[in-house]
Amino acid sequence: MDDIIVKEVKDFDLDFILEIKKLEIENLGEVSGINEWVIPVLIKYGKLIIAVQKIKNADIRGKDAIIGVNELIRDWNEHSCAFIHSFYIKEGFRNKGTGSLLLKKSIEILKKNDIKKLELTVDPQNLAAVRLYKKFGFKISGFKENMYGKGVGRNIMVCDI
Ligand SMILES: CC(C)(COP(=O)(O)OP(=O)(O)OC[C@H]1O[C@@H](n2cnc3c(N)ncnc32)[C@H](O)[C@@H]1OP(=O)(O)O)[C@@H](O)C(=O)NCCC(=O)NCCS
């Protein structure tokens, strides 16, 4: 865990965008992952927070590996509220506390940006995600049927931070 750092992404190049796109597909699937048309917009107008693992014996590119992603947008009506659009940990790094670390550090960053409330949607069957969010104090505020398509209902969860 000591070799993992969580940071906000402020600038980017095409390599970085394509790396995030690849992670989106691997961890969320072709349908729900965002792509190079949305990732730059999210970085500039929303917020992208990543967990990276410092590579001790860096390869030729000398790059650290992105192992976790948290994508957020801000609520236009309630400016102190942010919505977690996507949150994932790369397979192989899950169930080791990485998700908890990314969420904890993200909350610290968001508080500095005057965010006081977080909202998200989650598949009620997604036990790992539900457990993670409940651990941080998220509560179910409703259920939206067909949220992301026919039969793709989601619980809405909220948390004061
Ligand atoms: C959901 C996700 C982000 C959790 O990340 P993680 O790194 O596994 O989280 P942690 O290791 O910090 O675990 C968080 C809690 O969930 C529990 N947990 C982890 N995997 C679990 C599983 N498969 N089933 C049940 N509980 C699980 C852990 O025990 C821990 O609870 P505890 O601290 O009380 O023991 C990760 O599983 C993931 O990326 N899933 C695929 C993408 C996804 O579903 N994202 C969420 C969309 S809303």
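Note that ligands are numbered from 1 as they come in the structure, with each ligand's atoms numbered from 1 the same way.
Here Thr121 has backbone heavy atoms under 4.0 Å from ligand 1, and that is the only part of it that gets that close. Residue contacts with ligand 1, taken as heavy atom pairs separated by less than 4.0 Å, involve Lys96 solely via the backbone atoms N, CA, C and O. Under 4.0 angstrom from ligand 1, the non-hydrogen atoms of Tyr133 all belong to its side chain.
Looking at atom 33 (O) of ligand 1, its nearest protein heavy atom turns out to be Lys135 NZ, 2.8 Å. Protein heavy atom in closest approach to atom 31 (O) of ligand 1: Arg131 NE, 3.1 Å. Ranking protein heavy atoms by distance to atom 36 (C) of ligand 1, first place goes to Arg94 CD, 3.7 Å. Among protein heavy atoms, atom 44 (O) of ligand 1 sits closest to Asn126 ND2, 2.7 Å. If you check which protein heavy atom lies closest to atom 22 (C) of ligand 1, you get Ala128 CB, 3.6 Å. Summary of contacts: the protein heavy atom closest to atom 19 (C) of ligand 1 is Asn95 OD1, 3.2 Å. Counting only heavy atoms of the protein, atom 45 (N) of ligand 1 lies nearest to Phe87 O, 2.8 Å. The protein atom (non-hydrogen) at minimum distance from atom 4 (C) of ligand 1 is Leu132 CD2, 4.1 Å.
In the vicinity of Ser100, heavy-atom distances shorter than 4.0 Å reach the ligand 1 atoms 10 (P), 12 (O), 14 (C). Using a 4.0 Å cut-off to heavy atoms of Gly99, the atoms of ligand 1 that qualify are 5 (O), 6 (P), 7 (O), 9 (O), 12 (O). Which parts of ligand 1 touch Tyr88 is read off a 4.0 Å heavy-atom cut-off, strictly below it: atoms 39 (O), 42 (C). Remark: ligand 1 atoms within the under-4.0 Å shell around heavy atoms of Ala129 are 1 (C), 46 (C).
No side-chain donor-acceptor contact under 3.5 Å links Asn113 to the backbone of Ile115. Between the Arg154 side chain and the Lys144 main chain, no donor and acceptor come within less than 3.5 Å of each other.
Pairing each heavy atom of Lys111 with each of Ile161, the nearest pair is CE-C, 3.4 Å. Among all heavy-atom pairs drawn from Asn27 and Glu91, the shortest one is OD1-N, 3.4 Å. Among all heavy-atom pairs drawn from Glu71 and Leu48, the shortest one is CG-CD1, 3.6 Å. For Phe93 against Gln53, the heavy-atom pair with the smallest separation is CE2-OE1, 3.4 Å.
For the residue pair Glu24/Tyr88, the side-chain donor-acceptor check at 3.5 Å is satisfied. Residues Asn70 and Ser106 have side chains that bring a donor and an acceptor to within less than 3.5 angstrom of each other. Judged by distance alone, the side chains of Lys117 and Ser80 never bring a donor and an acceptor atom under 3.5 Å apart.
Here's the thing with Val122: none of its N/O atoms is less than 3.5 angstrom from an N/O atom of ligand 1.
Scanning Asp123, Val130, Asn27, Ile89 for the heavy atom closest to atom 5 (O) of ligand 1 points to Ile89.
Transitive grouping of hydrophobic side chains (ILVMFWY, heavy atoms separated by less than 4.5 Å) keeps Phe83 and Phe87 in distinct clusters.
Taking a distance limit of 4.0 Å, we find that atom 2 (C) of ligand 1 is approached by no protein heavy atom.
In this structure, Lys112 does not pair ionically with Glu108, as no charged nitrogen and carboxylate oxygen lie closer than 4.0 Å.
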